[in-house]
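Side chains included, hydrogens not; waters and symmetry mates left out as well; all remaining heavy atoms used. Chain A is the first sequence line, chain B the second, and so forth, proteins listed ahead of strands; every chain is numbered from 1.
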Amino acid sequence: MGNENTASASIGRALALFRTMCLIREFEERCAEEKARGTVPGLVHQSTGQEAVPTGICAHLRREDYLFSNHRGHGHAIAKGADPAAMMKEIFGRQGGTCGGKGGSMHIADFSVGMLGANGILADGLTMAVGAAQAVSLKGENRLVCCFVGDGTTNRGPFFEALNWAQVFRLPVLFACEDNTYASTTRTDEVFAGPGVVARVASFGIEAASVDGNDLGAVDAAAGRLIAQIRSGGGPRFLHARTYRIRGHISSDPLNYRRAGETETHMATEPIARYQKWLIENGASETDCSAIRAEARALIERAVAESMAAPFPDTNTAWTDVQDIGGPQWNG
Amino acid sequence: MGNENTASASIGRALALFRTMCLIREFEERCAEEKARGTVPGLVHQSTGQEAVPTGICAHLRREDYLFSNHRGHGHAIAKGADPAAMMKEIFGRQGGTCGGKGGSMHIADFSVGMLGANGILADGLTMAVGAAQAVSLKGENRLVCCFVGDGTTNRGPFFEALNWAQVFRLPVLFACEDNTYASTTRTDEVFAGPGVVARVASFGIEAASVDGNDLGAVDAAAGRLIAQIRSGGGPRFLHARTYRIRGHISSDPLNYRRAGETETHMATEPIARYQKWLIENGASETDCSAIRAEARALIERAVAESMAAPFPDTNTAWTDVQDIGGPQWNG
Amino acid sequence: MERVSYAEAVRRGLAEEMRRDPLVWALGEDLSRAHGSTSSTQYCGLIDEFGPKRVVDTPISESTIMGAAVGAALAGTRPVAELRNVDFGLCAIDELVNQAAKIRYMFGGQARVPLVTRQGLGLKRSLGSQHTQSNEVWFVHTPGLVVVAPATPGDGRGLLKASIRCDDPVVFLEHKELWATEGDVDFSDDGIVPLGRARTVTSGTDLTLVVWSRMAIVAEHAATQLSALGVSAEVIDLRTLWPWDREAVFRSVRKTGRLLVAQESVLVGGFANEVAAEVSERLHNTLVAPVRRLGAPRIPMPYSPPLEDECRIECRHVVEAALSLVQNDRSRKETT
Amino acid sequence: MERVSYAEAVRRGLAEEMRRDPLVWALGEDLSRAHGSTSSTQYCGLIDEFGPKRVVDTPISESTIMGAAVGAALAGTRPVAELRNVDFGLCAIDELVNQAAKIRYMFGGQARVPLVTRQGLGLKRSLGSQHTQSNEVWFVHTPGLVVVAPATPGDGRGLLKASIRCDDPVVFLEHKELWATEGDVDFSDDGIVPLGRARTVTSGTDLTLVVWSRMAIVAEHAATQLSALGVSAEVIDLRTLWPWDREAVFRSVRKTGRLLVAQESVLVGGFANEVAAEVSERLHNTLVAPVRRLGAPRIPMPYSPPLEDECRIECRHVVEAALSLVQNDRSRKETT
Ligand SMILES: Cc1ncc(C[n+]2csc(CCOP(=O)(O)OP(=O)(O)O)c2C)c(N)n1
Ligand SMILES: Cc1ncc(C[n+]2csc(CCOP(=O)(O)OP(=O)(O)O)c2C)c(N)n1
Ligand SMILES: [Mg+2]
Ligand SMILES: [Mg+2]
């Protein structure tokens, strides 16, 4: 874990990153609990165990940078600065949700922090990301665009189109692949040809790095380097982060397609305990860490309580924001 | 042109290949002439100058092998053994056309020789090809599937999906890329990122060869090698053939986006004259070659005359072969 | 007779066809493994009986799932291409509409494309805008396709079997809220339900109620409530949307003189218009009241339950519309 | 007034908007270079004025053309995504329908998607099944989209400008046979044609003829022929299909009492049903005859000219149908 040494300049910054990971973890676990209790109406895709990836990457993004996410996007949104309470309300379908209850978990967006949306359709965020980057370049702005993609999704055609497009137009895009081993119930390596996604990316002339995605220091360092290159006009970059989906594809997934002991083995390398160990070895105290964990737990607990207490949206809002001309009242 | 030496075992076989190229050339040139005269109703995409590619490849295909083509497919069909007269009738929209006049140039198919269709939608033939190969493998048959793809089309998502799919399932498919420099009015290299299509293909673990596609001997040799590997169970292979589209994208294209002299430069390396030179150096006579050319010309001339003389299809046939249940008479 | 879920009935229907014909096979994402959501149980265990060459877990490549199915159909097999949702099916609609639907015709009848594509339709609580669409009319509008949308376990099994045996491409739409519903199915017989034939759910004399897919269940409840209110509704479940059973609908409307078409999908531009326009034109003199249509407002489906409920056509809407139709209620005046 | 082709009118309309607003840009395959076919002249010369960042030649990547347009719209620009043909547009329909159409709503109004996608519609002689489709009803059925299909050079220019200024995604359908048609356009004024407003092509009293896109030209000829036969037809060119101008249609039908809706696309499941069903339901008592609809048979378009002609709705079909409607011809009896 030598990378962690170089990457985390100060322990204060490191603790802030640790806090983000803890927030994500708490958010995901509580979400799933609530789903199991029947208080959450829609599907919940947890990113438990993958927290280091968005945390390490978003540490290098600015508020005005754009982020395009996917179906497993809670962690991305939190790391980009979205308010977990508003996100939780959204997932509960309540007033005050990031999208007023119209979106839900798979469609969380918070434009005020540059989080341009989770997505229920695999790979579509990638093509949107290159277009946003083209707009940025047309407007002469100084923004970077980041998009997340799962390992399984790298077999969809638009993934490749977006890579080619980004490189042809030398766009300021960071593609971040969260390789959590699975796509739904399928091990991606069973339906993935060739030496790996990095080789595929390289064949478009795009520089890529592959890191242990459960090592926050490694993600942080690689993301910092790639993002600096993008900001200095180097065109698109690709970050491949190897991680593991500790929970099921959706929270109700019985995981009966896994080998015995598989989850447990991977629990041993989950990023939060690992980073805590590093923190303590590097000057933080056990108490600091526990306090951060407790604070995260309390914050999410409050978010759940607020969500539960929040009213459902006014039914009139179902009829608004479809389109200016020809909205649903036309036929009503 | 040393390859030609090894590849063409006998001069008889070489003359047969020469004949195929001449047939294609005559077919394309006459088609365009007729289009200009107003006798052909639809679009004509000529493959003039690219004859060596399908000729060299199809020399190694058997009648029962399947071929999926694209919009520039006359040469593919002729090389696979389709009857040029029936094809010409199809393009004229007449009775006796390969598809009874329902398809036209972009939809020529001749299932009796394993030619499963030209295609008006770029890249769709590739996904169909891998499915056909899957069927072949399910049925335990001994067929190979070949599909053609243009250089520009290698930027479409389904191209990549098909490569991955073919390799994951180890399917007996030969992907043949006719790189004729252009996609419509765009030079492909202007919108193509990375070192080249072969690198892209290699990133899927698929073995690829790149050859001078205007050198029939080279195409013949490479295709022979790759196809033998496929037949012996080696999984998919890719052949990249560099050639040049001497005519416009469609026959009426004024080609005003080309550099001065560009076409002429490339005329110097067009495959037919080149192969004829080699033939004569290797034992064929000038007379042999001229006779073959004359024969091809006469054959195509006859095809045009027959097409012109053929009646248009009975209008009743417009109503047939839509579907068994719920055909167009339902509402009629 | 056995009491089984819709998911189980179609699962067994597929297995029966796979046993009968070794050229039938299925492809799609995550077919072979059990999964938490009911939407995967319809392939459960098939891999054990038929192996990985006939129950194929594919990469996430929707275009190629459909394109491969077309190619495989041309090469003499009968693929069942699972797309999970019509929403994901949009990623493969080019291959379905530009290839599968047209090839037989375009190639002058040289080939057929005997594929079935299974796609989940419609609403399931709070799946949001991108997992709840109903676009059956798109397929009905596309020459070359057969379109099926069964409502009961028996029809699911019987129509899936008929679809697999059909020599043309069939879009087989399974409403996601139907998976868990149960019904009695007689597995001792072949159970084939012919394509293009409607099912009369309840007989009636006051009005005809034309429905399909999940709305057939809703309409059945509505008919019960209407009956308690003294209104006799004849509910016709089309089951096949193309070709739809015009004879059955016309016969019923000739009897009742009134027609209500109710659909879950957006009313504007929807399939209800097809039935309404045909009946209005051909049975103008028979109708004692104008044809009524019910459908969702033109709104992407929201996530939050009370908002979603604003956009759903439910039993009470059907009952209300039926009542206003039989009372020849003209409150909705001819002005706008 | 200047006499210009449809292609030239829309080309200049786009240039005007690009001059007015530096955030307007266009992307698509082969935009920048002249080409033999008329279908490319609508971008001719724009690259010289606006440069390669605003007239973008893209790779052949339809999904990304549309997806990028969505992303670019979210990031504050106004992209015009050229797809050439609705047929190729099927390769990008996921991005249009699952993303562009839903984002504003799904995200609770945080963002708008001001993109225009231009797609060639319909028949042009012998282009075959994969280059001649008309699927306008698909877009009309999709919440979130505006759908435009202008018939004249002036409307092409004016509606393209209005579409570019619209804050929601617009599907701008240009019939391929209209490119070369000519008309008088006044370029000295702004020329904006408001979305959602129909154009009365000819006034009349005996029947209302509702049409759009190329069919507006056909209907105008038909009205002339009908007039010679003593039948006075009011031709209404909808121009915008969503929202369609119900007021204009209702007003006309209240006057004439008869409605014929004529479309080039396949009749089954088509947009004509929408207009017919609405009018049949709401103006039941006003109608003196059942609404008639004309559309293509449910057949993929064949290549050979005489076969293609079998599947085209032409002037004579419109005239015949109109005559039978005013004569209240009941030869098409209420039996089947
Ligand atoms: C186009 C499309 N196809 C299929 C699905 C269904 N689906 C949702 S998530 C998923 C697996 C994605 O795997 P991966 O890309 O590895 O992301 P992960 O879930 O592991 O984060 C699938 C198949 C979808 N949402 N969109
Ligand atoms: C999906 C799709 N997009 C666009 C087109 C229009 N189109 C037809 S041919 C062509 C260029 C193809 O270039 P390439 O793949 O290099 O083949 P070539 O024409 O050079 O043989 C284009 C853009 C199409 N037919 N299908
Ligand atoms: Mg994954
Ligand atoms: Mg090319």
Side-chain angles (χ1 to χ4, degrees), chain C residues 62-63 87-88 90-91 93-94 97-99 101-102 105-106 128-130 133 135 137-144 242 246-247 250 254 265-266 268-274 276-278 280-287 289-293 296-300 302-303 330 332 334-336, chain D residues 62-63 87-88 90-91 93-94 97-99 101-102 105-106 128-130 133 135 137-144 242 246-247 250 254 265-266 268-274 276-278 280-287 289-293 297-300 302-303 330 332-336:
Chain C
E62 284 74 16
S63 295
D87 314 72
F88 310 157
L90 300 195
C91 303
I93 208 150
D94 159 54
V97 168
N98 278 330
Q99 308 299 342
K102 295 178 173 49
Y105 187 79
M106 224 162 47
S129 306
Q130 292 175 337
Q133 289 166 93
N135 63 341
V137 75
W138 292 21
F139 307 118
V140 170
H141 190 51
T142 304
W242 190 263
R246 194 159 52 170
E247 283 66 39
F250 282 17
R254 282 204 197 89
S265 43
V266 165
V268 172
F271 181 71
N273 290 337
E274 162 76 16
E278 280 288 322
S280 298
E281 181 168 343
R282 312 256 179 158
L283 301 187
H284 186 74
N285 293 338
T286 308
L287 288 167
V291 175
R292 282 284 313 264
R293 296 158 297 137
R298 197 168 175 280
I299 298 179
Y303 170 82
R330 282 285 186 285
R332 228 183 182 184
E334 291 197 353
T335 50
T336 33
Chain D
E62 284 74 17
S63 294
D87 315 73
F88 310 157
L90 299 195
C91 303
I93 207 147
D94 158 54
V97 168
N98 278 329
Q99 308 299 342
K102 295 179 173 49
Y105 187 78
M106 224 160 47
S129 305
Q130 291 176 337
Q133 289 166 92
N135 62 342
V137 75
W138 292 22
F139 308 117
V140 170
H141 190 51
T142 304
W242 190 263
R246 194 161 50 169
E247 284 66 39
F250 281 16
R254 282 206 196 87
S265 42
V266 166
V268 172
F271 181 71
N273 289 338
E274 162 76 17
E278 281 287 322
S280 298
E281 180 168 342
R282 312 254 180 161
L283 301 186
H284 186 75
N285 292 337
T286 308
L287 287 168
V291 175
R292 281 287 313 263
R293 296 157 298 138
R298 198 169 175 280
I299 298 178
Y303 170 83
R330 283 285 187 287
R332 228 182 182 184
K333 273 200 310 308
E334 293 195 354
T335 51
T336 34

With heavy-atom distances below 4.5 Å as the criterion, would you say the side chains of D/Q133 and C/K102 are in contact? yes

Spell out, as yes or no, whether a donor-acceptor pair under 3.5 Å connects the side chain of D/N98 to the backbone of C/D87. yes

Which one of C/P302, C/G144, C/A101 has the most heavy-atom pairs closer than 4.5 Å to chain D? C/P302

With a 4.5 angstrom heavy-atom cut-off, is it the side chain or the backbone of C/E62 that approaches chain D, or both, or neither? neither

Pairwise distance CD(C/E281) to CZ(D/R292) - rounded to 0.5 angstrom: 5.5 Å

Go through the steps for C/E274 and D/N273 under the test side chain to side chain donor-acceptor pair (under 3.5 Å), then give the verdict. CA-CA 6 Å; C/E274 162 76 16; D/N273 289 338; 3.0 Å; yes

Between C/A272 and chain D, with a heavy-atom cut-off of 4.5 Å, which part of the residue counts as in contact: side chain, backbone, both or neither? neither

Heavy-atom distance under 4.5 Å to chain D: side chain of C/A277, backbone, both or neither? both

Toward chain C, the part of D/T142 with a non-hydrogen atom under 4.5 Å: both

Just jot down the side-chain contact (heavy atoms from CB on, under 4.5 Å) partners of D/V140, sequence neighbours excluded, or say none. C/V268, D/V147, D/L241, D/W242, D/F271

All heavy atoms of D/H141 vs all of C/V137, minimum pair found to be CD2-CG1, 3.6 Å

Atom pair CG (C/D94) and CG (D/D94), whose distance is rounded to the nearest 0.5 Å: 12.0 Å

Using ring-ring contact (aromatic ring centres under 6.0 Å, His included) as the criterion, list what pairs up with D/Y105, not counting sequence neighbours. none

In terms of heavy-atom pairs under 4.5 Å with chain C, the winner among D/A276, D/S280, D/S129 is D/S129

Which atoms of D/Y303 come close to chain C, meaning under 4.5 Å heavy atom to heavy atom: side chain ones, backbone ones, both, or neither? neither

Could you tell me how the ring of D/W138 sits relative to the ring of C/W138: parallel (under 30°), tilted (30 to 60°) or perpendicular (over 60°)? parallel

Under 4.5 Å heavy-atom distance to chain D, tell me which part of C/V266 shows up: side chain, backbone, both or neither. both

What option among D/G269, D/S63, D/P143 has the most heavy-atom pairs under 4.5 Å with chain C? D/P143

